[in-house]
Amino acid sequence: MAATGGPRPDYYGILGVTRDVSANGLRNAYRRQARLYHPDRNLADPAGAARQFVLVKEAYDVLRHPDTRRAYDAATDTTPPYTKHVRRNVRAAIRAYWRARYGLED
């Protein structure tokens with residue numbers, strides 16, 4: 001995995017998938033990218049293909065396991081904490097706002 005101090009690479013972008021991809025979709029994307037960037041298939045630039053192939057392999061190794069994928073998602077989530085809360089429970093957040101503003105009760 002990438003160094004802990006620096007910015008993390010976008011593994012979903014490397015594989016060309018979204019964050020809500022299924023396990024089968026992830027595996028298919030990995031296989032497609034691995035075939036595309038395998039050094040034996042890129043004779044014009046084997047060194048560049050090898051670097052990209054290593055990134056694809058690293059991305060798949062992190063994202064294929066549920067625990068490491070969860071940790072990666074948590075580490076790369078840039079959504080502010082308040083927005084996460086509101087997104088989870090919009091109605092409760094709206095009720096809490098009006099209750100606090102006007103002293104309303106249920």
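All heavy atoms count here, side chains included; hydrogens, waters and symmetry mates do not.
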Could you give all pairs that pass the side chain to side chain donor-acceptor pair (under 3.5 Å) test and reach residues 19-29, with sequence neighbours left out? Thr18-Asp20, Arg19-Asp73, Arg19-Thr76, Asn24-Arg27
If every non-hydrogen atom of [X] is compared with every non-hydrogen atom of [Y], which pair is closest and at what distance?
X	Y	answer
Leu15	Ala29	O-CB, 3.6 Å
Asp61	Thr68	O-OG1, 4.1 Å
Val56	Gln33	CG1-CB, 3.7 Å
Pro9	Tyr72	O-OH, 2.6 Å
Val21	Leu26	CG2-N, 3.6 Å

For Asp67, check side-chain hydrogen bond (donor to acceptor under 3.5 Å, both in side chains) against everything at least two apart and list the hits. Arg70
Taking salt bridge (charged side-chain N to carboxylate O under 4.0 Å, His left out) as the test, write out the residues that go with Arg31, two or more places apart. none
Scan the side chains in residues 36-53 for donor-acceptor partners under 3.5 Å anywhere in the protein, sequence neighbours excluded, and list what turns up.
from  : atom 1 : to    : atom 2 : distance (Å)
His38 : ND1    : Asp40 : N      : 3.1
Asn42 : ND2    : Leu36 : O      : 2.9
Asn42 : ND2    : His38 : O      : 3.1
Asp45 : OD1    : Gly48 : N      : 3.2

Within this structure, what is the CZ-OH distance for the pair Arg69 and Tyr12, rounded to the nearest 0.5 Å? 4.0 Å
Ring pair (Phe, Tyr, Trp, His ring centres under 6.0 Å): pairs with one or both residues in residues 15-34, sequence neighbours excluded: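 Applying ring pair (Phe, Tyr, Trp, His ring centres under 6.0 Å) to every pair that reaches into residues 15-34, excluding sequence neighbours, yields Tyr30-Tyr60.
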